[in-house]
Amino acid sequence: MVEINFKKIEEKWQKKWEEAKLFEVKELKDKKKFYILEMFPYPSGEGLHMGHALNYTIGDIYSRFKIMQGFNVLHPMGYDALGLPAENAAIEAGIHPEDYTNNSIKNFIKQQKALGLSYDWSRMINTANPEYYKWDQWIFLKMFEKGLVYKKTSAVNWCPKCNTVLANEQVHNGKCWRHSDTDIEIKHLEQWYFKITDYAEELYDMINELKEWPNRTKAMQRNWIGKSYGTEILFEINGEKWPIFTTRPDTIYGVTFMVISAQHPRLMELVTEEQKQEVEEFLKRLRSVSEKELEEMEKEGVFTGSYAINPLTKEKVPVYAGNFVIADYGSGMVMAVPAHDQRDFEFAKKYNIPIKVVIQPDAYELNPEKMSRAYTGSGTLINSEEFNGLNNHDAIDEITKYLEKRGLGKRTVQYKLRDWLISRQRYWGTPIPLIHCEKCGVVPVPEEELPVELPKNVEFGKGNPLETAEDWVNATCPKCGGPAKRETDTMDTFVNSSWYYLRFCDPHNSKEIFDKEKANYWVPIDLYIGGAEHACMHLIYIRFYTKFLRDIGLLKIDEPAIKLFHQGMLHGADGNKMSKSLGNVINPLDIIEKYSADSLRLALMSFASPDSDSQWDEKILIGGHKFLEKVYDYYNNVEIIEEDKQTESKLHKTIKSVTKLIEEIRYNLAIIELRKLFEKMPKKTSKEVLENFLKMLSPFCPHIAEELWEKIGNEPFISNSKWPEADESKIDEKLEQQEKAVDSLVSDIIRVVKLVKDKGGSASKAYIYVLPDEKEVYLNEKENIQKRAGIEIEIFAVNDKDKYDPENKSKKVKPWKPGIYLE
RNA sequence: GCGGAGAUGCCGGAGUGGUCAAACGGGACAGGCUUAGGACCUGUUGGCUUAGUGCCUACCUAGGUUCGAAUCCUAGUCUCCGCACCA
C-alpha cells in the first residue's frame, strides 16, 4: 500500500477552499436558507480541546451535507472573548487581557482551520471588540428604556475566587459554575438586574413550541423557570395586609404560625423592640455562612414579636423570621401548616408551636400529638368550619373562591425564575453604559456616544480594576453637564452570547446592530449545537434576548433556534473526564499531526452516537485511519467500467439510508453504512458508484474526498457538488439476495471443509450443485468464491448430465442453497 | 424529594413487536499470504448437536399483554445526570 501524505492533501484543499471563498454566503432570495451554528467558544489559552473538535465536527458535517443538498448555508464562527478566565489568565501571565485574548483567538482559528471546518470566516466576530460590545450596550439602553433594567440591594451570590457576584444560574450546588471547589458566599450588595421575570410566562409556555429541542433540556428549563399555580392570601400584620403565596389554600385552617425570610427587605418592619436584638443576632449568624452551608442548615428561626391574623379564622399566629424561606420567591413569607408540610412540621417541633390537623386521610386518623412527620397526602377537611367534609382537592378551589369573593386573596401563578443579576465587579466585560450624577442620579449614556470602551490603563489585582482608571471613571453628566462618575460594574459575559447569532447575519454593520432584512432572512437558527450544560444558562438568556429584540421590532421570530442538539461528553480513554491532572487529555492537534484531520473527524463520529457520552479510543481512531488508507488505495487502483448493477443497487440503498441518518445526526450509523458499501465495492466498478461513495464520504472526511474526486477526473469541488438522490429503480433486491446466497455458500464450504478435516479427512476440491437457472450467477462468482473459501471449486447444475456427484449431493439442493461435495 | 436518561454478547455500541443468536467496530481464535513478523485478505466467535442441520438458553430482575417481545405494559433493582428547604 502506498504511503499517503494526508497532511499535504489537507493543506492543499484547505487552501483551495479558502481561495475559492467556498463557504462564504450572501442572502439569496431564490435559495432556501439553512442557518447552522455551534455554540461559539470561549477562547482560552489552552487552545482547542477534544470537546470543541467534537462539537464543531458535528456541525461541519451537517453544514457540508446541507450545502450539497443545495441550501444556502450560513455557518459562522466567533469568539466569546470577554470573561473572567481571560482576565485571570492575563493577570497571571502579566499581560493585558486583550493581548491574551487575541493570541488565543489566533490559535483557535489556526486549529479550527486544520480541522477543515467549513466556516464563512468573513463573518467572524469577537465579542471583546468594541464594535461588537457597543451593541451589547445598545441593547442595555433599550432595556433600560423599557424598564427592564433596575438596581437593587439584596443578598447576592459572591464567588471569592472570581471576586465578583454571580447570577443565580451560575451557582451550581452552592458552588461557583467555574470553580466547583469554591463555596459561594452571601453578600448584601446593590447590583444591576435584567427583569427577565417579565418574560417568565412566555419563556415557560413557549417551551412547548420547541418541538425539536431535547426533552431533557426542555424539562430542565421548565424546572428552572418553575411555574406553579396557587393562591395569594392576605394576612393582616400590625394593621397592614401582607400577601403570602401558597399552593395549599386547603390547609389555611391549619396555619399556626408564619415565617418571613431572613433576607426579606422589609423584615425589620415586623420586628418589635423586644425582639430586635435576638433577630439581629440571628441575621448576623446567617450572614457569616456560605450558600452551601445555608442549604445544609437545620430549619431555624426567631420570633419577630409580630402576629398575623388568619383571614378566615381571625386567629392570631406568631410571625417568625426563618432561614428556610426564600426572599424572592412568592412574597418571601409563608403561612406555616405544620400538620401538612414537612418543613413547617420540623420548625414547629423545634420551637414547640402547636400542630393543627385539618386534613384527615381516609385510611386512619391523624393525632397531632403522635405525628412523627407531616401528612402531605390527600384527604377530607376537618377543623375547617364550613369547608369540613370537603375533599381537599375540591377545597383548594372552594377556599380560593371564598377568599376572592371577600377580597382576601386571589388565584395566582408563581415562577421560580429570578431576575438576572448582570453586574460584575471585574474588568474584562462590557462596561455598563450608565453615568452616576449627584444631581440627576443614574443617567444612561446617550446612544451616539456608544461604545463606552474599556480603558486600557487599569490596575489589576485590587478589587474592580475599572475603579483604578480615574480618567475613565470621571465623566460629565449627559443631562446637566456637571461632574459625574461612570458605572464601574461590567456586564455578565452571558450578555454577549445572548444575541451573537444575530450579529453573524450582518457582522460588520457599524450603523445598526444588524440589518433587519438580512437578519430576518437567516433567522431562526435551523440547527444549534452545543453542550447540555447550558440548558439553564445561555439557552434561557438567548431565548429572553430573542423575545426582547422581537418586542422592540427588530425580529419576527419568537425563538432563536428550531432544532437544538447536544453533543455527548467525550471522556478520556480511562472513562474519566479529560483533565490535565489525570493525564488523559488528548489534544486534537496532536491527532491531526499524527494521523490526519479526516481520521480525527471520522473517529469522533465513530465512538458512539453524537448525542451520547463516549470514551476516547485510540483503536477506533486507528481503525478509521486504516479505512481511509484503504479507500485511498482503492481509488488509485480501481478500474472504471460502464455499469455495475450489483454495486449500484447497494449504492442506492446506501444513499437512501445515509441521507436519512445524516439528517437525523446519527453519523456513527451513517459511517457504518458507508463502510459496508465500501466493503462491497469491487475492483471494477462504475463511475456512478465511485463518485457517489465519495460524495457521501465528503461531509465526514472532506479532504480525502476532494483529493479522490479529483483523482477520478472530476473538477473541484466535491464540497459543493450535488448530494446524490436514491434511485429506487436501481435497487434490486434480487441482486442482494444473490449476494447473500454467495456469502452463505462461502461460509458453508468453509464450515464443511473444517468438519471434514476435524474428522481426519482431507479436501482439496469442492463440487457445488446448483439449480439450473442459478448456475450463471454462481459461475460469475466462481473466482470470488474460490478465493474466499480458500479451495478450488467446480460448479454443476443439478441437471448437468456429466456432473461428478458420487454421493448424490444434488438431492439436497434448494433454491439459493447449493449442495456441496468435497474430495 | 422533583425531573430527565439509561441497563443488550468478552468490550464499545446498533436494534424498539415477527425477517434477531442480535448490525458495525474492537478484541480473541482459525486459515491464507509472507523467509519470519507486521500489514493485508478470508472466516469463526452463547451452549449442545450435525457434512453446511436441528434444538436449547439469551438482551437488568420478576410478573403480564400477544399467535409472537430485546422491543409493549406493571412492579422492582441498579447506574448516570440536572434541580433542589420554590411554600
Side-chain angles (χ1 to χ4, degrees), chain A residues 1 172-174 214-228 230-231 244-249 251 258-259 261 294-299 322-337 340-344 346-347 376 414-418 532-533 535-536 568-569 606-609 611-615 617-620 622-624 626-627 629-630 633 666 668-669 671-676 679 743-759 761 763 766 784-791 807 809 812 817-822:
Chain A
M1 197 178 279
H172 295 168
N173 240 325
N215 283 334
R216 63 174 157 146
T217 306
K218 290 194 276 189
M220 278 163 80
Q221 289 209 358
R222 274 195 198 99
N223 192 36
W224 187 262
I225 298 169
K227 186 177 191 173
S228 46
T231 308
I244 63 94
F245 175 76
T246 181
T247 53
R248 296 292 306 273
T251 63
M258 308 284 287
V259 188
S261 168
L294 192 63
E295 275 168 20
E296 285 159 0
M297 257 168 95
E298 219 181 291
K299 283 148 201 53
N323 64 350
F324 65 97
V325 176
I326 290 157
D328 40 10
Y329 180 74
S331 44
M333 180 161 24
V334 297
M335 63 178 218
V337 185
H340 305 293
D341 182 284
Q342 186 57 25
R343 292 154 305 187
D344 300 345
E346 286 168 31
F347 194 90
T376 54
Q414 278 297 329
Y415 295 93
K416 284 198 235 175
L417 187 72
R418 312 292 155 74
E533 67 276 13
C536 293
M569 277 269 280
S606 298
F607 296 131
S609 172
D611 58 354
S612 64
D613 293 350
S614 57
Q615 286 182 26
D617 185 345
E618 188 94 9
K619 283 182 186 135
I620 288 180
I622 293 168
K626 280 183 188 167
F627 170 70
E629 285 179 332
K630 275 187 229 171
D633 203 52
R666 300 204 286 173
N668 54 330
L669 300 183
I671 290 166
I672 285 169
E673 290 294 308
L674 289 176
R675 283 184 158 224
K676 281 201 236 175
E679 202 59 31
D743 286 348
S744 71
L745 176 59
V746 168
S747 65
D748 283 350
I749 295 171
I750 288 169
R751 195 179 297 170
V752 178
V753 166
K754 192 163 181 286
L755 282 166
V756 166
K757 282 193 177 165
D758 285 351
K759 288 191 168 173
N784 177 22
I785 295 166
Q786 284 189 153
K787 208 187 137 213
R788 288 168 63 190
I791 189 168
E807 289 191 6
K809 294 286 184 192
K812 292 184 94 174
K817 188 85 191 160
I820 302 166
Y821 173 67
L822 289 182

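Protein chains get the first letters and strands the later ones, always in sequence-line order, with residue 1 at the start of each. All values derive from a computational prediction rather than experimental measurement.
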- Query: If the C1' atom of U50(B) is compared with that of C56(B), how far apart are they to the nearest Å?
  - Reply: 15 Å
- Query: By side chain to side chain contact (heavy atoms under 4.5 Å, CB included), which residues pair with Ile791(A), not counting sequence neighbours?
  - Reply: Ile749(A), Val753(A), Ala763(A), Ala766(A), Ala789(A), Ile793(A), Leu822(A)
- Could you list the residues that satisfy ring-ring contact (aromatic ring centres under 6.0 Å, His included) with Phe607(A), not counting sequence neighbours? Trp616(A)
- By ring-ring contact (aromatic ring centres under 6.0 Å, His included) - contacts of Tyr329(A) (at least two apart): none
- Message: Could you tell me how far A5(B) sits from G54(B) if I compare only their P atoms? Round to whole Å.
- Response: 42 Å
- Applying side chain to side chain contact (heavy atoms under 4.5 Å, CB included), name anything that partners Lys817(A), two or more places apart in sequence or on another chain. Asp748(A), Lys814(A)
- Message: Do Asp341(A) and Val334(A) have side chains that approach each other closer than 4.5 Å (heavy atoms only, starting at C-beta)?
- Response: no
- Message: The criterion is side chain to side chain donor-acceptor pair (under 3.5 Å); which residues satisfy it with Glu618(A), sequence neighbours excluded?
- Response: Tyr595(A)
- Query: What residues, two or more places apart in sequence or in another chain, satisfy salt bridge (Lys or Arg N to Asp or Glu O under 4.0 Å) together with Glu298(A)?
  - Reply: Lys350(A)
- Please work out if Lys676(A) contacts a base, only the sugar-phosphate, or nothing of the nucleic acid, heavy-atom cut-off 4.0 Å. sugar-phosphate
- Pull out every stem in RNA chain B, meaning runs of 3 or more consecutive Watson-Crick or G-U wobble pairs with both distances under 3.5 Å. B:1-7 with B:77-83, B:10-12 with B:24-26, B:27-32 with B:40-45, B:46-48 with B:54-56, B:60-64 with B:72-76
- Message: Under 4.0 Å, counting only non-hydrogen atoms across every strand here, what does Val325(A) touch: a base, just sugar-phosphate, or nothing?
- Response: base
- What integer number of Å spans the P atoms of C85(B) and C80(B)? 22 Å
- Between P of C24(B) and CZ of Arg675(A), the distance in whole Å: 12 Å
- Message: Glu346(A): which residues meet the side chain to side chain donor-acceptor pair (under 3.5 Å) condition with it, sequence neighbours left out?
- Response: Gln342(A)
- Message: Categorize Gly230(A) for me: base, sugar-phosphate, or nothing, with a 4.0 angstrom heavy-atom threshold over every strand shown.
- Response: nothing
- Query: Asp743(A): what forms a salt bridge (Lys or Arg N to Asp or Glu O under 4.0 Å) with it, not counting sequence neighbours?
  - Reply: Lys680(A), Arg788(A)
- Which ones in residues 744-751 of chain A lie close to RNA chain B, meaning a heavy atom under 4.0 Å from one of its atoms? Ser747(A), Asp748(A), Ile750(A), Arg751(A)
- Task: Could you tell me whether the side chain of Ser261(A) and the main chain of Val325(A) form a donor-acceptor pair under 3.5 Å?
- Result: yes
- Message: Once you apply a heavy-atom cut-off of 4.0 Å, does Pro249(A) come out as touching a base, just sugar-phosphate, or nothing?
- Response: nothing
- Who are the salt bridge (Lys or Arg N to Asp or Glu O under 4.0 Å) partners of Lys809(A), not counting sequence neighbours? Glu807(A)
- Message: What's Lys619(A) touching, base or sugar-phosphate or nothing? Going by heavy atoms closer than 4.0 Å.
- Response: sugar-phosphate
- Message: Output one letter per nucleotide in nucleotides 1-18 of chain B: B when a protein non-hydrogen atom lies under 4.0 Å from the base, S when only the sugar-phosphate is that close, - when neither is.
- Response: --SS-------SSSS---
- Query: Using atom P of each nucleotide, how far apart are C24(B) and U44(B) to the nearest Å?
  - Reply: 11 Å
